[in-house]
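For reference, the structure discussed in these notes is given below.
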Amino acid sequence: MKEFKHFINGEYVSSASGKLFENRCPVDNSLIGKVHEAGEAEVDTAVRAAKAALKGPWGKMTQKQRSTMLHRIADRISERFDEFLDAECLDTGKPRSMASHIDIPRGAANFKEFADSMSHPTEGFRMDTPDGAGALNVGHRTPKGVIAVISPWNLPLLLMTFKVGPALACGNTVVVKPSEETPATATLLGEVMNECGVPPGVFNVVHGFGPDSAGAFLTTHPLVDAITFTGETRTGEVIMKAASVGLRNVSMECGGKNPGIVFADCDLEKAVEGTMRSAFVNCGQVCLGTERVYVERSIFDQFLARMKEEVAKLKLGRPEDPEANFGPLVSLEHRDKVKSYYDLALEEGATVEIGGGIPDMGAELNEGAWIEPTIWTGLADDARVVREEIFGPCCHIRPFDSEDEVIALANDTNYGLACAIWTENSARAIRVAEQMEVGLAWVNSWFLRDLRTSFGGAKHSGLGREGGVHGLEFYSETKNICIKL
Ligand code: NAD
Ligand code: 6OD
């Protein structure tokens with residue numbers, strides 16, 4: 001049985017309180033191991049270690065030296081690929097075929113990419129002065145300090161390193177609080193940091209829950225200089241309150257209820273393939289995923305029929321099953337939540353086109369967090385199932401008649417993370433994308449990412465942007481040095 005300890009100041013440490021909680025595999029609900037739960041004392045030690053490390057060898061490194069170290073971390077993740085893959089799949093139950101193409105390679109790429117993209121030209125302005133001599137203004141960037149990284153369970157390594165990579169590239173130190181559901185890859189990353197010679201205190205991990213636990217202790221700690229969070233909007237609101245004490249910066253990547261818009265002039269097969277991925281990959285547990293699909297009426301029946309055919313082909317199975325492309329939800333608790341929306345859909349008058357229940361997976365797997373991929377039609381636009389984020393493998397498909405109508409429908413939500421537009425008419429694609437109230441608009445694609453671009457959500461889906469220069473803004477402090485000539 002595994003034991004997941006905190007990683008503080010370069011060492012694995014137990015909780016002083018002796019408090020541990022269980023970590024279970026959602027495939028069959030078997031016990032993976034026990035996780036140490038951090039109290040205020042361990043969080044305080046981690047934050048102080050991170051603060052001290054800013055003044056140690058890490059703080060004296062040049063940008064180039066840090067960049068070399070981040071490349072080494074990426075290489076080491078790739079060398080230990082199978083260990084990261086095993087750990088991620090055990091925690092989440094996701095298919096190895098998916099994690100080996102998305103989660104682990106992106107975990108490594110997040111260090112490589114940000115190692116390279118975080119050095120930017122310094123701004124400089126020469127100004128006139130009344131005496132005619134002039135002055136020179138030079139923008140100077142310093143690390144922000146200790147960054148608290150609070151991450152979720154759906155893409156644990158990918159989303160945690162999307163923040164740790166740029167934070168370290170800018171010279172900060174971090175204290176990571178991974179989700180209580182998925183402690184493994186963050187813990188393993190500690191070993192990699194030591195193997196790569198990252199100074200103690202630069203990367204720290206504390207385990208635990210949110211309220212009255214590691215998450216709250218970390219986000220309220222006065223020595224934390226900024227907080228970067230990925231998770232539910234409601235949790236983000238609580239964290240923002242904590243960050244208001246001391247006016248700490250926050251970056252918030254939160255939930256979504258993302259629309260897919262399928263015009264009659266799309267390439268139907270591409271639209272079906274893309275919508276299938278955006279609704280069902282990772283068992284629908286992707287913040288960018290499509291839970292509302294709007295299809296132009298003339299192709300509605302054809303599109304729906306093709307989607308149902310493809311859903312019927314999804315193969316549920318263990319992560320290691322080479323045929324399986326669909327795993328369980330992350331936990332029984334989350335399965336209960338998703339299932340409650342399946343029940344609500346019936347109460348709200350949905351037609352269940354396919355799925356809608358809990359599958360019989362056989363004696364070995366029936367204790368796991370399995371749920372059927374599901375498509376509904378026929379719900380009203382104000383149904384809760386159409387308005388609230390479910391974060392499961394399901395979508396509602398509804399016909400529309402005009403471009404203006406679908407733009408209004410797609411934007412009629414408190415969320416504003418992403419959308420996917422399917423059309424072969426590029427003028428229309430641009431026109432519609434420009435009117436979408438979202439942070440990310442995909443045209444004839446989904447989840448296609450150049451890490452130099454901005455990432456984040458509008459409305460209740462987030463605050464601020466990360467990625468490329470946007471991350472540089474968040475993870476560094478800019479000082480203007482004005483030199484009188
Ligand atoms: P969550 O908000 O429940 O938890 C996220 C993290 O916050 C966990 O580590 C949790 O322990 C911690 N936390 C909870 N309460 C806290 C508190 N009071 N103080 C400090 N930390 C606290 O989210 P989740 O269930 O892990 O993830 C699913 C949600 O995340 C969905 O809403 C999804 O849309 C969102 N998400 C968004 C993005 C994005 O990039 N926009 C990416 C992935 C997931
Ligand atoms: O690709 C990324 O950088 C990213 N942050 C993806 C988020 C996925 C949400 O579940």
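In what follows, every heavy atom counts, from backbone to side chain, and hydrogens, waters and symmetry copies are set aside. Order of listing sets the numbers, starting from 1, for every ligand and every atom in it.
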Could you give the N/O to N/O pairs under 3.5 Å linking ligand 2 and the protein, each with its distance?
unit_1: ligand 2; atom_1: 1 (O); unit_2: Arg106; atom_2: NH1; d: 2.8
unit_1: ligand 2; atom_1: 1 (O); unit_2: Arg449; atom_2: NE; d: 3.1
unit_1: ligand 2; atom_1: 3 (O); unit_2: Arg106; atom_2: NH2; d: 2.9
unit_1: ligand 2; atom_1: 3 (O); unit_2: Arg449; atom_2: NE; d: 3.3
unit_1: ligand 2; atom_1: 3 (O); unit_2: Arg449; atom_2: NH2; d: 2.8
unit_1: ligand 2; atom_1: 10 (O); unit_2: Asn154; atom_2: ND2; d: 2.8
unit_1: ligand 2; atom_1: 10 (O); unit_2: Cys287; atom_2: N; d: 2.9

### Query
With sequence neighbours left out, which residue pairs that include part of residues 19-45 fulfil the ring pair (Phe, Tyr, Trp, His ring centres under 6.0 Å) condition?
Phe21-Phe209

### Task
Check whether any heavy atom of Gly236 sits under 4.0 Å from an atom of ligand 1.
no

Of the protein's non-hydrogen atoms, which lies at the shortest distance from [atom], and what is that distance?
{"atom": "atom 5 (C) of ligand 1", "result": "Thr230 O, 3.7 Å"}
{"atom": "atom 8 (C) of ligand 1", "result": "Ser151 O, 3.4 Å"}
{"atom": "atom 3 (O) of ligand 1", "result": "Thr235 OG1, 3.9 Å"}
{"atom": "atom 28 (C) of ligand 1", "result": "Phe391 CE2, 3.7 Å"}
{"atom": "atom 36 (N) of ligand 1", "result": "Cys287 CB, 3.6 Å"}

## Note on the structure
Closest non-hydrogen atoms of Lys257 and Val386, given as atom of the first, atom of the second and distance, are CE-O, 3.2 Å

### Query
Sequence neighbours excluded, which residues qualify as ring-ring contact (aromatic ring centres under 6.0 Å, His included) partners of Phe391?
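By the ring-ring contact (aromatic ring centres under 6.0 Å, His included) rule, Phe391 matches Trp153.
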
### Message
So, using ring-ring contact (aromatic ring centres under 6.0 Å, His included) as the criterion, who are the partners of His207 when residues are at least two apart?
### Response
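Residues passing ring-ring contact (aromatic ring centres under 6.0 Å, His included) with His207: His6.
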
Between ligand 1 and [X], is the shortest N or O to N or O distance under 3.5 Å?
{"X": "Glu389", "answer": "yes"}
{"X": "Lys177", "answer": "yes"}
{"X": "Glu180", "answer": "yes"}
{"X": "Trp153", "answer": "yes"}
{"X": "Phe229", "answer": "no"}

### Task
From atom 27 (O) of ligand 1, work out which of Gly439, Ala148, Pro152 has a heavy atom at the shortest distance.
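Result: the heavy atom closest to atom 27 (O) of ligand 1 is in Pro152.
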
### Task
Going by heavy-atom distance to atom 18 (N) of ligand 1, choose the closest among Asp212, Val149, Val238.
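That would be Val238.
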
### Message
Please list, in number order, the atoms of ligand 1 under 4.0 Å from a heavy atom of Ser179.
### Response
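Near Ser179, meaning under 4.0 Å from one of its heavy atoms, ligand 1 has 9 (O).
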
